[in-house]
Amino acid sequence: MQDKRHNESKEDYLESIYVVNQRKGYCRSVDLAEELGYSKASVSVAVSKMKEENLLRVGHAGLLELTEEGKLIAEYTFQKHSLLKKMLCDIGVEEQQADIEACQIEHIISDETFQRLTVVEKEFSQCKSAMYNV
């Protein structure tokens, strides 16, 4: 169970670095702490662990740079989160609640289930699009 929680936390950190980089063009530890609502000390410990695991580097001026492996994990986690949030909103879940629940589900959903949901969402979007273009 400890390992699972560790992976969730790591995925959250990596996804948040990815999101902040997309929004601002850069991400520093202070930006990450702000994004996640964590203390700078907690972020510092996590950043050190992820550096040891070769998931990120700390570049010039303290900029957090995802390695290829870190970026793959971050992008995949972000894709899961985005799809799950969209699907929850599509069925009427309020956006803030959908965001919270998507964050929880993204860590436990299997790759196979995610792939199937991706197909379902694509088909649903095509049907919805066809309905409104008639």
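This one's a predicted model, so the numbers in the text were calculated from it and none came from an experiment. Values reported hereafter were calculated over all heavy atoms of this structure, with side chains retained and with hydrogens, waters and symmetry mates removed.
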If you count every heavy atom of other residues, nucleotides or ligands that lies below 6.0 Å from [X] atom [atom1], does the total exceed 12?
{"X": "Glu34", "atom1": "CD", "value": "no"}
{"X": "Lys86", "atom1": "NZ", "value": "yes"}
{"X": "Arg23", "atom1": "CZ", "value": "yes"}
{"X": "Gln126", "atom1": "CD", "value": "yes"}
{"X": "Lys24", "atom1": "NZ", "value": "yes"}
{"X": "Glu94", "atom1": "CD", "value": "yes"}

Does the side chain of [X] reach to within under 4.5 Å of the side chain of [Y], using non-hydrogen atoms?
{"X": "His81", "Y": "Asp99", "value": "yes"}
{"X": "Asp12", "Y": "Glu106", "value": "yes"}
{"X": "Arg28", "Y": "Leu63", "value": "yes"}
{"X": "Leu117", "Y": "Ile109", "value": "yes"}
{"X": "Lys85", "Y": "Leu88", "value": "no"}
{"X": "His107", "Y": "Asn7", "value": "no"}
{"X": "Asp90", "Y": "Glu121", "value": "yes"}
{"X": "Leu55", "Y": "Leu66", "value": "no"}

Following the transitive rule for hydrophobic clusters with a side-chain heavy-atom cut-off under 4.5 Å over Ile, Leu, Val, Met, Phe, Trp and Tyr, establish whether [X] and [Y] coincide in one cluster.
{"X": "Leu84", "Y": "Val120", "result": "yes"}
{"X": "Val20", "Y": "Met50", "result": "no"}
{"X": "Leu83", "Y": "Phe78", "result": "no"}

| request: Start with the C-alpha gap between Leu14 and Thr77, add the side-chain angles, then the distance that decides, and say whether side-chain contact (heavy atoms from CB on, under 4.5 Å) holds. | output: CA-CA 8 Å; Leu14 294 170; Thr77 305; over 6 Å; no
Roughly how far apart are [X] [atom1] and [Y] [atom2], rounded to 0.5 Å?
{"X": "Ile17", "Y": "Ile73", "atom1": "CD1", "atom2": "CD1", "answer": "11.0 Å"}
{"X": "Lys71", "Y": "Glu65", "atom1": "NZ", "atom2": "CD", "answer": "11.5 Å"}
{"X": "Lys49", "Y": "Leu56", "atom1": "NZ", "atom2": "CG", "answer": "13.5 Å"}
{"X": "Gln115", "Y": "Lys80", "atom1": "CD", "atom2": "NZ", "answer": "10.0 Å"}
{"X": "Cys27", "Y": "Leu32", "atom1": "SG", "atom2": "CG", "answer": "5.0 Å"}
{"X": "Tyr18", "Y": "Leu72", "atom1": "OH", "atom2": "CG", "answer": "11.0 Å"}

| query | Can you check whether Ser44's main-chain N or O pairs, donor with acceptor, with Ser29's side chain at less than 3.5 Å? | reply |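 No, Ser29 side chain to Ser44 backbone: no donor-acceptor pair under 3.5 Å.
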| Mutual orientation of the aromatic rings belonging to Tyr76 and Phe114 [parallel < 30°, tilted 30-60°, perpendicular > 60°] |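 Perpendicular: the ring planes of Tyr76 and Phe114 meet at over 60°.
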| field | Contact summary for Ala98 and Cys89, nearest pair of heavy atoms | value |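 Heavy atoms of Ala98 and Cys89 come nearest at CB-SG, 3.7 Å.
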| Closest heavy-atom contact between Ser42 and Tyr13? |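 So the minimum-distance heavy-atom pair works out to O-OH, 3.7 Å.
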| request: May I have the step-by-step check of side-chain contact (heavy atoms from CB on, under 4.5 Å) for Val19 and Gln22, ending in yes or no? | output: CA-CA 5 Å; Val19 167; Gln22 295 297 308; 5.6 Å; no
| side-chain contact (heavy atoms from CB on, under 4.5 Å) evaluation trace for Lys51 with Val47 | CA-CA 6 Å; Lys51 279 174 45 182; Val47 165; 4.1 Å; yes
